[in-house]
Visitor: 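What follows is a structure written as structure tokens; I'll ask about it next.
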Amino acid sequence: MTLLLLNLFVALAAFGFSVTGFGFALVAVPLLSLIMPLKEAVVLQFPLMIAVVCYHTWKFGRLQSWREIMPMVLAACVCMPLGLLTLNSLPDLVMKRGLSVCVALFVLTDFVHLENYAERLARVPGVSILMGLVGGWFQGAYTTGGPPAVIYIMATRPDPAKAKGLLSIYQFCISFFNLALYLWGGLLSWSSLAKTGTLLPAAILGILTGTAVSLRMGGRGHRFAVDFMLIMTALALWVKA
């Protein structure tokens, strides 16, 4: 039963990522944390997250200017070790409930038309650095450093293709810095990688299904489905933590 749930949760995360272009860990970590300690969930999904991010960077980011997003990337790298320290230091209960609150808040931004405020905020000098710092902490602690960058990039790049490309580059860069930190911190091992490898077919299935479905549904319909799944997961994670 546990193996079935692991594959289902990974497939759902890959599906959500394929639909929205971000959020693999944002879906995978809360779901996996329902059946295992949070640190174990973070480590289990991390190699799969790197794989899907590499695919999206190749598909959407290869024609974009990497230099354009580097200030935010460097800011994220500064705060990432602090996130890792938090993951290693705080009790599992605190980290799980903190994640559930963060997931719920991110979902709620879809219902308050945050883009109207984000566009104004994005004009303030230094906001990209602040978003990078916040995203870096989340990346180190949960590998969910995408949402602050999503808010900023979507507010400052009206072209969806350009925004998705820059976001892919951002995720690619911080994921590999995160990989170096996790290797240095001893979180990843050959046994954990072998366990993750058994879930690769589920991730591929989720990506392919998400791609096929995205051709038939409207963008808002996709996002609503992912948001509903996230808010239900956040509630369950708070209760089960």
Side-chain angles (χ1 to χ4, degrees), residues 5-61 69 73 76-77 79-80 83-84 87 95 99 102-103 106 135-150 153 164-185 187-211 226 229-230 233 237:
L5 287 176
L6 288 176
N7 280 276
L8 175 62
F9 292 163
V10 166
L12 287 173
F15 175 86
F17 185 88
S18 181
V19 163
T20 63
F22 68 94
F24 181 89
L26 192 66
V27 176
V29 173
L31 284 174
L32 293 171
S33 296
L34 295 174
I35 57 175
M36 63 178 63
L38 184 127
K39 186 186 292 187
E40 187 178 337
V42 167
V43 170
L44 181 65
Q45 61 80 42
F46 184 64
L48 295 175
M49 186 200 74
I50 291 237
V52 296
V53 164
C54 286
Y55 168 72
H56 259 242
T57 304
W58 172 80
K59 188 174 182 180
F60 300 109
I69 202 68
V73 169
C77 292
C79 261
M80 227 178 288
L84 175 58
L87 177 64
M95 292 298 290
L99 179 60
C102 293
V103 169
F106 176 71
W137 183 87
F138 278 100
Q139 185 70 20
Y142 299 118
T143 68
T144 59
V150 172
I153 291 173
K164 184 174 281 191
L166 290 177
L167 183 59
S168 297
I169 294 169
Y170 169 81
Q171 291 178 309
F172 179 87
C173 293
I174 66 171
S175 293
F176 274 91
F177 185 78
N178 203 168
L179 174 62
L181 279 180
Y182 280 9
L183 289 171
W184 175 76
L187 268 68
L188 295 172
S189 64
W190 287 114
S191 61
S192 68
L193 289 173
K195 187 174 182 180
T196 300
T198 64
L199 302 175
L200 183 59
I204 294 173
L205 178 62
I207 287 285
L208 295 177
T209 304
T211 301
V226 174
M229 178 174 61
L230 282 172
T233 302
L237 185 58

Visitor: Can you tell me if Ser192 uses its side chain to pair, donor with acceptor, with the backbone of Leu188 under 3.5 Å?
Guide: no
Visitor: Would you say Phe24 and Leu48 make side-chain contact, with heavy atoms under 4.5 Å?
Guide: yes
Visitor: Looking at Ser33 and Ala41, what are the two nearest heavy atoms and their distance?
Guide: OG-CB, 3.6 Å
Visitor: Which pair of non-hydrogen atoms, one from Leu193 and one from Pro47, has the smallest distance, and what is that distance?
Guide: CD2-CG, 3.5 Å
Visitor: The criterion is ring-ring contact (aromatic ring centres under 6.0 Å, His included); which residues satisfy it with Phe177, sequence neighbours excluded?
Guide: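 Scan of Phe177 (ring-ring contact (aromatic ring centres under 6.0 Å, His included), adjacent residues dropped) gives none.
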Visitor: Below 4.5 Å, heavy atoms only, C-beta onward: do Thr198 and Leu6 meet side chain to side chain?
Guide: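 Counting from C-beta outward, Thr198 and Leu6 never come under 4.5 Å.
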Visitor: So Leu187 and Leu87, side chain to side chain contact (heavy atoms under 4.5 Å, CB included) or not? Walk me through it.
Guide: CA-CA 11 Å; Leu187 268 68; Leu87 177 64; 3.9 Å; yes
Visitor: Which heavy atom of Ala25 sits nearest a heavy atom of Pro30, and at what distance?
Guide: O-CD, 3.5 Å
Visitor: Between atom CG of Leu181 and atom CD1 of Ile174, what is the distance when rounded to the nearest 0.5 Å?
Guide: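 Nearest 0.5 Å value for the CG-CD1 distance: 11.5 Å.
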Visitor: Using modelled atom types only, decide if a donor and an acceptor are shared between the side chain of Thr209 and the backbone of Gly206 within a distance under 3.5 Å.
Guide: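 The answer is no, because no donor-acceptor pair under 3.5 Å joins these two groups.
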Visitor: Compare every heavy atom of Ser168 with every heavy atom of Gly61, then report the nearest pair and how far apart it is.
Guide: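 Result for this residue pair: N-CB, 4.5 Å.
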Visitor: Taking all non-hydrogen atoms of both residues into account, name the closest pair between Gly135 and Tyr170 and its distance.
Guide: CA-OH, 4.0 Å
Visitor: Measure the spacing between CG of Leu200 and CD1 of Ile204 and express it to the nearest 0.5 Å.
Guide: 4.0 Å
Visitor: Any heavy-atom pair between the side chains of Asn178 and Ile50 that's under 4.5 Å?
Guide: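 They are not in side-chain contact.
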Visitor: Rounded to the nearest 0.5 Å, how far does CG of Leu205 lie from CG of Leu199?
Guide: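 Spacing of CG (Leu199) from CG (Leu205) equals 12.5 Å.
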Visitor: Between Leu38 and Ala141, what is the shortest heavy-atom contact and its length?
Guide: CD2-O, 4.5 Å
Visitor: Among all residues two or more places apart in sequence or in another chain, which pass the ring-ring contact (aromatic ring centres under 6.0 Å, His included) test with Phe9?
Guide: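 Phe9 satisfies ring-ring contact (aromatic ring centres under 6.0 Å, His included) with no other residue.
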Visitor: To the closest 0.5 Å, what do you measure between CD1 (Ile69) and CD (Gln171)?
Guide: 10.5 Å
Visitor: When rounded to the nearest 0.5 angstrom, what is the spacing between CE in Met49 and OG1 in Thr144?
Guide: 9.5 Å
Visitor: For the backbone of Met95 and the side chain of Tyr142, can you confirm whether one donor and one acceptor N or O come within less than 3.5 Å of each other?
Guide: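 Side chain of Tyr142 to backbone of Met95: a pair is present.
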Visitor: Could you give the distance from OG1 (Thr143) to CG (Leu84), rounded to the nearest 0.5 Å?
Guide: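 Interatomic distance, Thr143 OG1 to Leu84 CG, rounded to 0.5 Å: 11.5 Å.
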Visitor: Do the rings of Phe46 and Tyr182 sit parallel, tilted or perpendicular, given the 30° and 60° boundaries?
Guide: tilted
Visitor: What I'd like to find out is whether the side chain of Leu167 reaches to under 4.5 Å of the side chain of His56, using heavy atoms alone.
Guide: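 No - every pair of side-chain heavy atoms lies 4.5 Å or more apart.
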